[in-house]
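Data first, discussion second: the structure below is written as structure tokens.
Computed from a prediction, not measured in an experiment: that's the story for all the values here.
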Amino acid sequence: MLAPLIGHRWDLPASEAIALQHQLARQLVLVSSDVDIDLVAGIDVSILGSLAHAAVVVMRYSDLACIEQHTAQRPVAYPYVPGLLTFREAPVVLDALARLTTFPDILLFDGQGFAHPRRLGLASHLGLLLDRPSIGCAKSRLCGTFDEPSPERGSWSPLKDQDEVVGAVVRTRTGVRPVFVSAGHRMSLEQATSVVLGTCRGFRLPEPARHAHRMSTSWVFSQ
DNA sequence: GCGACAG
DNA sequence: ATCTTGTCGC
């Protein structure tokens, strides 16, 4: 149901991976379509030893009811290198997404989208390969500078890198550390921020991402 | 040369 | 991400 239109290997040497990111980033579409949002999928990955575990949870945007959820496992074959996280997590994430029986309107990833040194974080890279609207919602900064947003829920400040706004630092809960939102693909920063705030229910992370995270880690605990 | 650095 | 208990604060 949800598989990449175009594929490429994930075991590229760093120099080739970086060149590919530069090339793919040119194809990003950073505007949203007018289609109503019905289903939002949250995706997260946990790693135990040498085994990666991905979880995807599809929720209805209107009431955040859980529509379906899936998991996938596979050995990790790529090291963690800041800026190349996609090459470590994409294989297992694609396995989990391939199991979906519904077609989510938006993919919400735990990580950066456009707010990346080469403008192609996990959310942008996979949104592009899958040709689906996507959002990056990270718990910490990878690149860019920002002013601390006000402490109230809903406040935000621009995340700038090299004189360009690459994302938004968003306070999803009053008095709690902000999250780093950025457009993935076929998405504007404004709608990305709107969807993140619109799917938060009293916690720092949006519900789809929070549930996917709970699923992937609860598995690790049971091993 | 010295820090910074999604998960 | 993961290793890991209690503890400070609202």
Side-chain angles (χ1 to χ4, degrees), chain A residues 10 14 17-18 20-21 24-25 28 42-57 71-97 107-128 134-146 151-153 159-162 166-185 187 189 192-193 196 202-206 208-223:
Chain A
W10 293 107
I18 288 172
L20 178 63
Q21 290 180 324
L24 291 178
L28 288 180
I43 299 106
D44 190 39
V45 176
S46 292
I47 292 175
L48 176 62
S50 62
L51 198 56
H53 189 78
V56 53
V57 177
T71 60
Q73 299 84 226
R74 77 152 65 194
V76 287
Y78 207 86
Y80 170 66
V81 178
L84 298 181
L85 176 68
T86 306
F87 292 83
R88 179 174 170 82
E89 299 194 344
V92 71
V93 166
L94 291 174
D95 283 347
L97 290 174
L107 302 178
L108 180 55
F109 290 92
D110 174 25
Q112 314 292 346
F114 193 68
H116 177 279
R118 292 168 291 281
R119 309 295 182 254
L120 198 82
L122 176 69
S124 293
H125 198 146
L126 293 186
L128 184 68
S134 59
I135 294 171
C137 181
K139 296 182 293 302
S140 63
R141 180 196 73 96
L142 173 60
C143 69
T145 59
F146 63 96
E152 311 78 44
R153 163 181 159 84
L159 177 62
K160 301 176 184 177
D161 188 39
Q162 315 284 178
V166 298
V169 185
V170 184
R171 196 79 70 179
T172 53
R173 190 181 173 187
T174 299
V176 170
R177 279 184 303 154
V179 294
F180 297 76
V181 179
S182 58
H185 178 53
M187 174 71 46
L189 176 58
T193 301
V196 167
F203 293 88
R204 182 188 180 215
L205 297 180
R210 202 169 70 83
H211 282 256
H213 183 263
R214 185 182 53 61
M215 264 188 97
S216 64
T217 56
S218 65
W219 176 83
V220 166
F221 236 134
S222 69
Q223 292 305 297

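A:Met215 has its CE atom 18 Å from the C1' atom of C:dA1, to the nearest Å. Atom NE2 of A:His125 is separated from atom C1' of B:dG7 by 16 Å (rounded to the nearest Å). At whole-Å resolution of the value, CG in A:Asp161 and P in B:dA6 are 13 Å apart. In this entry the distance linking CZ of A:Phe180 with P of B:dA6 reads 10 Å, nearest Å. In this structure, A:Phe87 atom CZ and C:dA1 atom P are separated by 21 Å, rounded to whole Å. Atom CG of A:Leu122 is separated from atom C1' of B:dA6 by 9 Å (rounded to the nearest Å). Rounded to whole Å, atom C1' of C:dT2 lies 14 Å from atom CG of A:Asp110. Straight-line distance from the OH atom of A:Tyr78 to the P atom of B:dA6: 16 Å, rounded to whole Å.
In terms of phosphate contacts, A:Arg141 brings a side-chain nitrogen or oxygen within less than 4.0 Å of OP1 or OP2 of B:dC5. For the pair A:Lys139 and B:dA6, the criterion of a side-chain N or O lying under 4.0 Å from OP1 or OP2 is not met. Between A:His213 and C:dA1 there is a side-chain N or O to OP1 or OP2 distance below 4.0 Å. For the OP1/OP2 pair of B:dG7 and a distance below 4.0 Å, the side-chain nitrogens and oxygens of A:Ser140 include at least one atom meeting the criterion.
Across A:Ile135 and A:Ala123, no two heavy atoms sit closer than the pair O-CB, 3.4 Å.
Within the 4.0 angstrom heavy-atom criterion, base atoms lie near A:Gly83. Using a 4.0 Å heavy-atom cutoff across all strands shown, A:Leu120 reaches no nucleic acid atom at all.
Using the six-membered ring where Trp is involved, A:Trp10 and A:His125 have ring planes that are tilted, between 30° and 60° apart.
The closest donor-acceptor contact from the side chain of A:Arg153 to the backbone of A:Thr172 lies under 3.5 Å.
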>> Between A:Arg214 and A:Asp44, is the salt bridge (charged side-chain N to carboxylate O under 4.0 Å, His left out) condition met? List the steps.
In response: CA-CA 9 Å; A:Arg214 185 182 53 61; A:Asp44 190 39; over 6 Å; no
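A:Phe180 does not carry A:Arg141 over the face of its six-membered ring by the limits of under 6.0 Å from the centre and within 45° of the normal.
Nearest nucleotide to the side chain of A:Pro82, out of C:dA1, B:dC5, B:dG7: B:dC5.
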